[in-house]
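Here the structure comes first, spelled out in structure tokens, and everything after it is commentary.
Every chain is numbered from 1, with letters handed out A, B, ... down the list of sequences.
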There are 2 protein chains.
Amino acid sequence: MSEGRTTIVDVARRAGVSKSTVSLVLGGSSLVADATRERVTEAMSDLGYIYHRGAATLRGAKSSVLGMVINDLSNPFYVELAIGIEQACHGGSFIPFLANSAEDLLRQQEVIRSMREHGAAGLLLAPVIGTSAADLKALIAGLPVVQVMRRVPGVKASVVAPQNREGARKATAHLIQQGRRRIAFVGGTSAMSVREERLAGYRSALEEAGIAFDPALVIESPINYWGGGAAAAQLLTLVKPASAALCFNDVVAIGLIRALTQAGVAVGRDFGVIGFDDIEEAKHVLPTLTSVSVNARSLGVRAAQLLMRQIASGDFEPETIMCTTSLIIRSSCGSPSFAEQGAAT
Amino acid sequence: MSEGRTTIVDVARRAGVSKSTVSLVLGGSSLVADATRERVTEAMSDLGYIYHRGAATLRGAKSSVLGMVINDLSNPFYVELAIGIEQACHGGSFIPFLANSAEDLLRQQEVIRSMREHGAAGLLLAPVIGTSAADLKALIAGLPVVQVMRRVPGVKASVVAPQNREGARKATAHLIQQGRRRIAFVGGTSAMSVREERLAGYRSALEEAGIAFDPALVIESPINYWGGGAAAAQLLTLVKPASAALCFNDVVAIGLIRALTQAGVAVGRDFGVIGFDDIEEAKHVLPTLTSVSVNARSLGVRAAQLLMRQIASGDFEPETIMCTTSLIIRSSCGSPSFAEQGAAT
DNA sequence: GCTAACATTTGGATCGCTCCAAAAACAAAC
DNA sequence: GTTTGTTTTTGGAGCGATCCAAATGTTAGC
């Protein structure tokens, strides 16, 4: 009574009906008479009643919680992705549990388990680097899962990802068209599936243009600002210097631009840089960054929608959605004349 | 059996014990014999058993879910804050529900309600601009709440916030010490409590230095990159021009720097800019941004810890924690000589 | 062998809700 | 006044865990 939370029974007593009737009202059933419904609703707000979803799911109602496990929230790209997911969830009246696995496999395991314990109806997963199918197998058995951005080979789960290969190809082709021939590929390490795809696109553009692939132009680095800076140092010591770079992502590209600028290289004129992801910041660095736009937010929305659809239909058959990318041309990649136009805008 | 989820009873049957014993094992009780515990644990992993927290909380076990309602996840500062909260939660074996209220009051209401329905044990809230005590009163009755960054006047809930006033005072004093006299205050609108505090600090520094406060130097703007850009235009048309600006936050400051730079102003030499928050990007813009460091992550950690402590103790008596700030001097605010040093670093 | 003391284990009852079959209330038709 | 039909309402069982009082096993002491 006075102790403990207000339950459906308290509401029923107050409204002078049975708990079943209250339950019906909660479920929005059309069976209850309007007058009764009104009395019940009033009783609920009088008592400050709060629905106990846990009790409902226990009985069988399906949960409306989506687990959302993101590998790195300090990367703005993934934040955008998360915002998209979160938006779509609320649109579909699901509520997202968020966890940041912080590129830590152990953490990822814990967090997924915890989400299942809390009754998540499905999982949106941007897997940590180095996740193997075995790591996930038991953990996600029987749960609908949508992988976002990254894909763990061998896992029976949907994937929503950008067309990395095609995006990288277009970007590289653009650089070539601007007259660049010595183009580097900067950032990431070989364990990353996304990088493999982008690298493949880069190589195919070179091939199309009849430019020989030079392994010395592929520079690995951590995918953060510092990684871009470190890569710049390496670029500057090349025997046969490069005149442009396609970066694994925008953060690396921005790090690179900054380091090159400080070293006196006029990025956009002497050196072309293209990033990947088109994060908000790409518009705000100087020179503004040309980037392959992935539209993280809509990627998130689509992933969440796919998952919600699968949950609703009960059909967890894996699907793959590849989102198109587009090259957003700004001033970091221009030929000399273009760079000046860019700066004037 | 084959249908439905594996329950404690299934595990019990498999291990040849009663469900009570299994429950004991789950609770880590020392009452069970080691041999039995082992058999039970084995049965659990054989069956792929997943603990059903909902059922437990129903019976009385207290929930381990923390609600986390953040006003704007597209602002990197709040993302950092969220990461801090998230980190601390996992440290304390809580799991955070995240929601982005996107500066929308209605959304905030829905989301808080939803969190209560899901049994959140407490709430971390960075309130939406314009939230009133009345909006929150009923919604959070009986729930421990910690407000982060912003404070809704009249709400009986803890607050964890930076020492905005003191931080702004220090920053302004630094600009004055560099020889600047015409210092603008840029960004935010008057509805924001945080801004009022920072503005007060700014005014007190002016007063200490005997500089008259000039309302023309206080420029309102949205708190995003574009807002900073817009403010730049306004700054440049002042009759009595300004020589420096303290910005409401780093994002505004970066927008401002960019716009000024494009207009040909040498930021760091001709014009001093200081931001607030010290987001990661502050180190990567050129010139690097001097900023009042708030350490969002540790703010988040402390807020989460406070909340978890309150939940554990059952004592929800409001507390206020003011976190110290420190001025991180980089190159956007230097006197001419200083700017050069900064660039050389 | 019997009992006391201790170490383990075990049936319910219970949490707040949903769902089902069945009861009750009301209205229309004979 | 029954009968039949339709609209509303209602007990009670059950979801998967916890927890408590009580049962059972084990060991030691006499």
Side-chain angles (χ1 to χ4, degrees), chain A residues 1-41 43-44 47-65 114 116-121 142, chain B residues 1-41 43-44 47-65 114 116-121 142:
Chain A
M1 324 270 120
S2 73
E3 200 52 286
R5 76 187 286 145
T6 334
T7 90
I8 208 184
V9 181
D10 301 325
V11 175
R13 191 166 21 234
R14 172 89 170 210
V17 296
S18 79
K19 66 185 165 55
S20 308
T21 306
V22 178
S23 174
L24 252 17
V25 171
L26 283 171
S29 161
S30 60
L31 288 178
V32 283
D34 289 352
T36 315
R37 186 199 319 283
E38 202 163 310
R39 249 182 321 137
V40 170
T41 335
M44 289 199 296
L47 297 173
Y49 168 74
I50 289 177
Y51 183 63
H52 191 314
R53 279 205 140 69
T57 51
L58 181 54
R59 190 55 180 62
K62 52 185 169 313
S63 146
S64 57
V65 174
S114 172
R116 293 208 74 168
E117 291 185 355
H118 281 92
Chain B
M1 323 281 117
S2 75
E3 200 52 287
R5 75 186 288 144
T6 329
T7 90
I8 207 183
V9 182
D10 301 325
V11 175
R13 189 164 23 234
R14 171 92 171 207
V17 296
S18 79
K19 66 185 165 52
S20 306
T21 305
V22 177
S23 174
L24 252 16
V25 171
L26 283 171
S29 161
S30 58
L31 288 179
V32 283
D34 289 351
T36 315
R37 187 197 320 284
E38 204 164 307
R39 245 174 333 130
V40 170
T41 336
M44 290 199 295
L47 296 174
Y49 168 74
I50 288 176
Y51 183 64
H52 192 314
R53 279 208 141 70
T57 49
L58 180 54
R59 190 56 182 62
K62 52 184 170 315
S63 147
S64 56
V65 174
S114 173
R116 294 207 73 169
E117 290 185 355
H118 281 93

Which heavy-atom pair separates [X] from [Y] by the least distance, and what is that distance?
X      : Y     : answer
A/G119 : A/S63 : O-OG, 2.6 Å
A/Y49  : A/T7  : CE1-C, 3.8 Å
B/A43  : B/R14 : CB-CG, 3.5 Å
B/M44  : B/V11 : CG-CG1, 3.5 Å
A/H118 : B/S64 : NE2-OG, 3.6 Å
B/D10  : B/R5  : OD2-O, 3.8 Å

Taken to the nearest 0.5 Å, the spacing of A/L58 CG from B/R53 CZ works out to 15.0 Å
To the nearest 0.5 Å, atom OH of B/Y51 lies from atom OG of A/S114 at 11.5 Å
N/O-N/O pairs, protein side and nucleotides 16-18 of chain C side, under 3.5 Å:
| residue | atom | partner | partner atom | Å |
| --- | --- | --- | --- | --- |
| C/dG16 | N2 | A/A55 | O | 3.1 |
| C/dC17 | OP1 | A/Y49 | OH | 2.3 |
| C/dC17 | OP1 | A/H52 | N | 3.4 |
| C/dC17 | OP2 | A/I8 | N | 2.4 |
| C/dT18 | OP1 | A/Y51 | OH | 2.7 |
| C/dT18 | OP2 | A/S23 | OG | 2.7 |
| C/dT18 | O2 | A/R59 | NE | 3.2 |
| C/dT18 | O2 | A/R59 | NH2 | 3.4 |
| C/dT18 | O4 | A/K19 | NZ | 3.3 |

Base, sugar-phosphate, or nothing for B/T57, non-hydrogen atoms under 4.0 angstrom?
nothing
Is A/T41 reaching over with its side chain to a backbone N or O of A/R37, donor-acceptor style, under 3.5 angstrom?
yes
In the 5' to 3' direction, the nucleotides of DNA chain D bounding the stretch that comes under 4.0 Å of a heavy atom in chain B are D/dG16 to D/dC19
Restricting both atoms to N or O, compile the protein contacts to nucleotides 23-28 of chain C shorter than 3.5 Å, with distance only.
none

Which of A/V17, A/V22, A/V40, A/L24 passes side chain to side chain contact (heavy atoms under 4.5 Å, CB included) with A/V32? Answer is A/L24
